[in-house]
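Quick note on labels: first sequence line is chain A, next is B, and so on, each numbered from 1. Everything quoted here is computed from the prediction, not taken from an experiment.
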Number of protein chains: 2
Amino acid sequence: MQKKRVTLADVARLAGLSPTAASMILTGRPDTRLSAEAHAKVHAAAAELGYRPNVAARALRTDQSRSIAFISDYVATTRFASGLIRGALAAADAARNVLLVLETGGEPARTLRAIEAALDRQVDGVILAAMRAREVFLPDIAISVPTVMLNGTNARFPTSVLPDEFEGGRSAVRLLAEAGITDRLVLVGHNPDEERGQFRSETISRRLAGIRSEMSARGMAFAAELSSWDWEVSNGYDLVRRLLRKDRPRGLLCLNDRLAFGAYQALGEARLSIPGDVALVSFDNDELASYLRPGLTTIALPHQKMGQLAVELLLNGPLAAGEHLVPMSAVSRGSIPAAHP
Amino acid sequence: MQKKRVTLADVARLAGLSPTAASMILTGRPDTRLSAEAHAKVHAAAAELGYRPNVAARALRTDQSRSIAFISDYVATTRFASGLIRGALAAADAARNVLLVLETGGEPARTLRAIEAALDRQVDGVILAAMRAREVFLPDIAISVPTVMLNGTNARFPTSVLPDEFEGGRSAVRLLAEAGITDRLVLVGHNPDEERGQFRSETISRRLAGIRSEMSARGMAFAAELSSWDWEVSNGYDLVRRLLRKDRPRGLLCLNDRLAFGAYQALGEARLSIPGDVALVSFDNDELASYLRPGLTTIALPHQKMGQLAVELLLNGPLAAGEHLVPMSAVSRGSIPAAHP
DNA sequence: TGCATTTGCTAAATGGTTTTAGCAAGGAAC
DNA sequence: GTTCCTTGCTAAAACCATTTAGCAAATGCA
């Protein structure tokens, strides 16, 4: 369809120099002693021919492929979660790198295949991302390149990027308190096992810890705590419907946006208005939050920034071990009353 | 972090044979005359050393990288749309290929960079996917490898994978008709310009053509057609709220799920029940559809299958030009009454 | 036995880039 | 007039797998 690729040798020939010289000049080596004239000639030749280096050949020689693997249990669970990928893509693009995206479905065999496929292609780094699980299972295979855990943790890879759930939890309570809602407050979605760090792991329990910390700092307490194993729309609906049979809460603190959506449905059926009768705050800033009416006030998961940070950590020098916490910011829409004077 | 990579030479040495022999055996060449014993020795050696071929080196020699580029305007607009990627990933994985995912944001400059980055990495094929736009803009750069348009069309690349919108449109009408709803039917979201093929291009106008075809085949006609440029939740809400001031429809045919969600909100406010008072059918089978109550009956976009097909077309021999239509299937939930006897 | 063919394997070239080692010419220092 | 730097450049090796061309031994055929 097209003539043969232009190689470095072609550029060198046109410039009247050796491939060595051309390579040194085009890669911008610092301490070379080639003349300014040579630089000019090589750049001109490269531009004229539209030269683009063959990344495979370069990778063979340098062991650097300018590509990194993004290995995820799921590629997207919600549109919002795909912000992890989007942020990573943008950061990779900015650094002229490319993302190899691999999905594992959480299956060990597929995870193993994915890691091998990535390593075979000489990736410069690996991002192990979690859309669902937090504590990520990893097959026992050595990964010979820098590795970052994204939205999850694993003992073998100490560098991780996580949302700052503790502060996020505090923000949610603060939002309610500042709107004057300090009473008849119900927590929706809490699961005692979670909180003990048993299941979805620490990050969710940190969210709860932040909530509890801010509550007690302000002398507030929940009137009730509705727990649920899953956090889907239908769970929110069921929990709140049952609640409304007995109680009339003033505010609901939902642990994610889907639960909140279910709560909206139950409140709507009960003819209760938001935020007049009942105020709501939740977490995630899922796509849903903007669809609801009134819009849902929620503490956003900073997925995009997290994805970006993961790539930047990989690309910028030696990996800093430890947890890199990305702030969660409050997105105010209409589900809580305007702040108290 | 790890010892040096095992190379083919190492395998050959351990097996007591030449690299030539090892290569031929491991790549499974058909007509070679190497002994069964040699095969056994090489395989044993490869297994013992845990040999994995260096894809970069292989790419250099064979011009095949076992990787294909997935270049998309957006990586996901809804969770559902990310099915395009998910399907592509699964098919690539099955063929031991890998996906280079690139996002362009619809910007020409970024699109150009993405194509170059992919070509530089010797991808075996390119998928140009569209999450939003249907008629895809492409910078004027030659792509020297097989290319498939996914969920979009472009004159320069005749092979495309599209949903079968015409039949999908017919199904939606059929669903309503079979539930006995043939009267007081309103179309929500239609835009006259679209239908003339002006904007989002043919595929949406095919959806409408299918709808109209089935309507007239059954002697049905819309009581009203509400048009809107955008198809977001708020548009659906506004359109239907305005409609309800004057009319009392029996059924709404919404052109996507977000419009339908908006319609739910307006109907809820007006205290109309679904499907008792008003039935709804829409398109896409977005994540939303299952969240609503009652569940939304919708004609699914077969995103996952489409992504899969795109990869398979690339990988299986010469590209078949033309449009490859993937059927849209109806997903019945609770928003239309049970079928008429 | 003599010649051709088949069998079983290997040497060496190839792909495109980077990098090491070093050459030739000119100038400076002694 | 040597010797020693410096400057400006290049030859060739290296990276690793694939592939072409071909070699030596064994076998088949007459």
Side-chain angles (χ1 to χ4, degrees), chain A residues 3-43 45-46 49-67 96 119-124 144, chain B residues 3-43 45-46 49-67 96 119-124 144:
Chain A
K3 304 176 194 175
K4 256 180 88 185
R5 244 192 119 87
V6 176
T7 79
L8 186 62
D10 298 328
V11 173
R13 202 172 309 118
L14 180 60
L17 288 167
S18 69
T20 309
S23 170
M24 287 171 156
I25 288 171
L26 290 176
T27 53
R29 271 232 206 159
D31 54 346
T32 179
R33 294 178 313 233
L34 294 161
S35 65
E37 190 196 10
H39 275 81
K41 282 196 293 189
V42 167
H43 280 123
L49 298 176
Y51 170 69
R52 313 222 83 226
N54 180 324
V55 177
R58 181 179 282 175
L60 186 57
R61 190 65 236 258
T62 62
D63 263 327
Q64 297 228 328
S65 56
R66 296 193 84 75
S67 56
R96 295 284 176 278
L119 259 30
D120 287 352
R121 282 162 183 84
Q122 324 281 117
V123 294
D124 300 339
S144 47
Chain B
K3 302 174 194 179
K4 255 180 89 185
R5 243 192 119 88
V6 176
T7 81
L8 185 63
D10 299 327
V11 173
R13 203 172 308 120
L14 180 60
L17 288 167
S18 70
T20 309
S23 171
M24 287 172 156
I25 289 171
L26 290 176
T27 53
R29 270 232 206 160
D31 54 346
T32 180
R33 294 177 313 234
L34 294 160
S35 65
E37 188 196 11
H39 276 80
K41 282 195 294 188
V42 167
H43 279 122
L49 298 176
Y51 171 69
R52 312 223 83 226
N54 181 323
V55 177
R58 182 179 281 174
L60 188 56
R61 190 65 236 263
T62 62
D63 264 327
Q64 297 227 328
S65 57
R66 296 193 84 76
S67 56
R96 295 284 175 280
L119 258 30
D120 288 351
R121 283 162 182 84
Q122 323 282 117
V123 295
D124 300 340
S144 46

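Each of A/Thr7 and B/Met24 was matched to the nucleotide of DNA chain C holding its nearest heavy atom; the match closer to the 5' end belongs to B/Met24.
Following rounding to the nearest Å, A/Ile25 (CD1) and D/dT10 (P) show an atom-to-atom distance of 9 Å. Atoms CZ (A/Arg121) and C1' (D/dC16) sit 16 Å apart, rounded to a whole Å. If you measure from atom CG of A/Asp63 to atom P of C/dT19, you get 11 Å, rounded to the nearest angstrom. Rounded to whole Å, the distance from CZ on A/Arg33 to P on D/dT10 is 13 Å. Separating the CG atom of A/Leu34 from the P atom of C/dT19 is a distance of 14 Å, rounded to the nearest angstrom. As rounded to whole Å, 11 Å separates atom C1' of D/dC9 from atom NZ of A/Lys41. Rounded to a whole Å, the CD atom of B/Gln64 is 11 Å from the P atom of D/dT18. Taking atom CG of residue B/Asp10 and atom C1' of nucleotide D/dC15, one finds them 13 Å apart after rounding to whole Å.
For a distance-only test at 3.5 Å, the side chain of B/Thr20 qualifies as a donor-acceptor partner of the base of D/dT19. Judged by atom type and distance alone, B/Ser18 does not reach the base of C/dA11 through any side-chain donor-acceptor pair under 3.5 Å. No donor-acceptor contact under 3.5 Å links the side chain of B/Thr27 to the base of D/dA17.
Note: B/Asn54 CG to A/Leu119 CG = 11.0 Å, rounded to the nearest 0.5 Å.
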Take A/Leu17 and A/Leu34, measure what side chain to side chain contact (heavy atoms under 4.5 Å, CB included) needs, and give me the verdict at the end. CA-CA 11 Å; A/Leu17 288 167; A/Leu34 294 161; 6.0 Å; no
Run the side chain to side chain contact (heavy atoms under 4.5 Å, CB included) check on A/Gln122 and B/Val55 step by step: do they pass? CA-CA 8 Å; A/Gln122 324 281 117; B/Val55 177; 5.9 Å; no
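With B/Arg66 contributing its side chain and A/Arg121 its backbone, the two residues share no donor-acceptor pair below 3.5 Å.
At least one side-chain heavy atom of B/Val11 sits less than 4.5 Å from a side-chain heavy atom of B/Val6.
Residue B/Arg29 has its side chain nearest to D/dT20 when only D/dG8, D/dT18, D/dT20 are considered.
The salt bridge (charged side-chain N to carboxylate O under 4.0 Å, His left out) search around A/Arg52 returns B/Glu116, B/Asp120, not counting sequence neighbours. Checked against salt bridge (charged side-chain N to carboxylate O under 4.0 Å, His left out), A/Arg96 has no partners two or more places apart in sequence or in another chain.
Using a 4.0 Å heavy-atom distance criterion, A/Ser23 is classed as a base contact.
Non-hydrogen atoms lying under 4.0 Å from DNA chain D are contributed by A/Leu60, A/Arg61, all within residues 51-61 of chain A.
Residue A/Ser35 has no polar side-chain atom (N or O) positioned under 4.0 Å from OP1 or OP2 of D/dT7.
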